[in-house]
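Position 1 is the first residue of the sequence, and the numbers go up from there. These numbers come from a predicted model, not from an experiment.
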Amino acid sequence: MKKNIFYLCFLLSTLLCFAQHHTSGVSKSATFMNSKNFKELRKKNKEIDSVGFFVDKADTLIEVSGYELKGVRVAYEEKDSVFLERYKQLVYNKKYQRKEDRLAPTMKIWKDIIKIYFDKSVDKYYKNHLVDFAKYLDKEVDSLKISFVKNKEESNYVIYAIENGTDANLDPRILSKDGYYLNWNSKQNINACTLKMNKQKDLGDEQILTDTKILFLRSLGYFFQNYDSSNCSSYFSTCKNEKKVFDKKDLEILKYHYSYGICKGTNIETFEKNHKDAKEALKKGNTKMHFVHENLAIKKPLFKSE
């Protein structure tokens with residue numbers, strides 16, 4: 001017997017990702033969007049029309065016709081509450097946000113290929129190890145694409161080093177002794193970065209390398225750090241530890257950040273609502289939650305077929 005599917009599609013404010021529910025036993029297809037998005041799309045496409053609406057809490061969702069849902073459909077990636085709380089601390093700085101700034105941070109990713117250029121100020125020792133680290137992340141993380149270029153003009157990611165007070169600071173926007181500066185667009189896609197290594201520190205090569213790897217990792221998602229005494233060796237933890245290690249838990253954070261089983265570019269409010277809706281859908285047993293991403297460039301298979 002052929003299974004009938006009900007598609008309930010909600011257009012988010014970014015217009016890049018859709019939450020899609022699937023339940024069996026009903027033969028119907030419908031798409032809903034909030035009034036602001038409906039007006040914007042209506043200006044671009046006069047064939048889109050309203051055929052009804054309903055109120056979901058404070059939002060009025062308009063049922064529309066004439067809008068064809070296109071993109072890659074990816075199953076919702078479920079995680080436990082412990083993991084999600086850690087993720088929200090690192091992406092949204094939830095614990096330390098002031099109440100009035102709570103919705104300010106957004107999830108940011110590199111959508112295009114990262115093209116790294118090493119300035120001549122970066123010694124071969126650091127360069128080789130950073131290349132190995134970047135290649136490892138590129139291999140392990142879906143949708144994260146990293147390459148290396150010989151010409152600065154072809155790059156969107158520049159790494160340079162400062163060894164003494166007379167060395168030129170190639171990016172004056174980085175005021176601290178080391179750090180990075182990111183640019184991103186309105187869709188919260190990072191499109192450029194400059195990373196500054198500090199070799200002025202009274203530290204050994206291994207520690208300088210670790211500090212630089214941590215900066216590089218954080219620049220892949222504008223990640224925050226927090227004090228985590230239970231995992232002090234983590235690259236994401238600020239607690240003191242002589243040997244920081246990029247472990248499986250850190251890799252899991254990065255993999256999840258680049259997984260398309262969640263929406264991209266969202267603030268914490270939308271992120272939490274998506275997970276609440278998805279978990280409620282899963283509890284119903286015959287309902288599944290998917291995210292549909294427009295203009296998604298796939299490097300590897302994102303999920304196994306159901």
Side-chain angles (χ1 to χ4, degrees), residues 86-93 96 104-119 121-123 126-149 152 154-162 169-199 201 207-226 228 234-238 244-247 249-259 262 264-266 299:
R86 183 179 186 229
Y87 180 76
K88 286 186 286 187
Q89 300 293 358
L90 299 176
V91 173
Y92 299 110
N93 201 29
Y96 301 103
T106 55
M107 183 193 306
K108 296 175 176 62
I109 64 167
W110 287 83
K111 186 175 180 182
D112 296 329
I113 298 175
I114 301 174
K115 300 176 183 178
I116 299 175
Y117 170 78
F118 289 95
D119 182 70
S121 58
V122 180
D123 295 342
Y126 301 117
K127 179 179 177 179
N128 289 344
H129 282 82
L130 290 171
V131 167
D132 288 343
F133 184 55
K135 285 183 176 179
Y136 170 73
L137 297 181
D138 173 80
K139 180 182 177 182
E140 292 291 327
V141 181
D142 288 340
S143 304
L144 177 62
K145 303 172 287 294
I146 304 175
S147 65
F148 305 92
V149 297
K152 186 176 181 180
E154 298 174 2
S155 71
N156 55 14
Y157 197 118
V158 176
I159 300 177
Y160 70 102
I162 295 291
N169 183 16
L170 300 185
D171 193 335
R173 296 171 299 184
I174 306 175
L175 302 177
S176 56
K177 291 184 177 180
D178 61 4
Y180 62 87
Y181 191 93
L182 295 175
N183 291 324
W184 56 80
N185 60 26
S186 60
K187 298 175 182 177
Q188 307 307 301
N189 294 325
I190 304 169
N191 50 34
C193 179
T194 309
L195 189 152
K196 175 183 177 182
M197 293 176 56
N198 179 19
K199 294 195 295 181
K201 295 179 181 178
Q207 186 61 59
I208 293 173
L209 177 63
T210 298
D211 292 346
T212 306
K213 285 182 178 180
I214 291 172
L215 289 173
F216 179 73
L217 175 65
R218 293 181 61 196
S219 73
L220 298 180
Y222 195 48
F223 292 109
F224 294 91
Q225 289 179 295
N226 59 33
D228 184 3
S234 165
Y235 273 24
F236 290 116
S237 177
T238 58
K244 293 285 186 179
V245 179
F246 182 75
D247 59 14
K249 288 186 177 180
D250 288 348
L251 179 60
E252 187 181 10
I253 289 289
L254 191 63
K255 282 185 173 182
Y256 184 72
H257 192 70
Y258 278 86
S259 161
I262 55 177
K264 301 301 179 188
T266 61
K299 181 178 73 172

### Message
Quick check on side-chain contact (heavy atoms from CB on, under 4.5 Å): which of Y180, F118, Y117 does V158 satisfy it with?
### Response
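Of the listed options, the one satisfying the test is Y117.
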
Taking every non-hydrogen atom, the tightest pair across [X] and [Y]:
X    : Y    : answer
I113 : N156 : O-ND2, 3.0 Å
N185 : N191 : N-ND2, 3.8 Å
M107 : Q188 : O-CB, 3.5 Å
N169 : I174 : ND2-O, 3.3 Å
F223 : L217 : CD1-O, 3.5 Å
K199 : I208 : CA-CD1, 4.1 Å

### Query
Can any side-chain N or O of N183 pair as donor or acceptor with the backbone N or O of A192 at less than 3.5 Å?
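No.
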
### Message
Would the distance check show the side chain of Q225 and the main-chain N or O of Y235 forming a donor-acceptor pair, the cut-off being under 3.5 Å?
### Response
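A pair under 3.5 Å: yes.
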
### Query
Ring centres of Y222 and W184 under 6.0 Å apart?
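Yes, the ring of Y222 comes within the 6.0 Å limit of the ring of W184, centre to centre.
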
### Task
Would you check if M197 and D178 make a side-chain contact, meaning some heavy-atom pair closer than 4.5 Å?
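No, their side chains stay 4.5 Å or more apart.
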
### Y126 side chain reached by T212 side chain, heavy atoms, under 4.5 Å
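Sidechains of Y126 and T212: no contact.
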
### Task
Apply the test side chain to side chain contact (heavy atoms under 4.5 Å, CB included) to residues Y160 and D171: give CA-CA distance (whole Å), side-chain angles for both, the deciding distance (0.1 Å), then the verdict.
CA-CA 9 Å; Y160 70 102; D171 193 335; 3.8 Å; yes

### Task
Quick one: sort the Y87 and H257 rings into parallel, tilted or perpendicular, breaks at 30° and 60°.
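Rings of Y87 and H257: tilted, 30 to 60°.
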
### Message
Salt bridge or not between K255 and E140? Use side-chain N to carboxylate O under 4.0 Å.
### Response
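So K255 pairs with E140 through a salt bridge.
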
### Message
Quick one, F246 with I214, criterion side chain to side chain contact (heavy atoms under 4.5 Å, CB included). Give me CA distance, side-chain angles, the key distance, then yes/no.
### Response
CA-CA 9 Å; F246 182 75; I214 291 172; over 6 Å; no

### Message
Checking T266 against Y92: is there a side-chain donor and acceptor pair closer than 3.5 Å?
### Response
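Per modelled atom types, Y92 and T266 side chains form a pair under 3.5 Å.
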
### Distance-only donor-acceptor check, side chains N93 and Q89, under 3.5 Å
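No pair is found: no donor N or O on one side chain lies under 3.5 Å from an acceptor on the other.
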
### Task
Kindly indicate whether a cation-pi arrangement holds for R173 with Y181, taking the cut-offs as under 6.0 Å to the six-membered ring centre and within 45° of the axis.
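Verdict for Y181: a cation-pi partner in R173.
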
### Query
Are K213 and F133 in a cation-pi setup, meaning NZ or CZ lies under 6.0 angstrom from the ring centre and within 45 degrees of the ring axis?
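Flagged: K213 positioned over aromatic ring of F133.
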
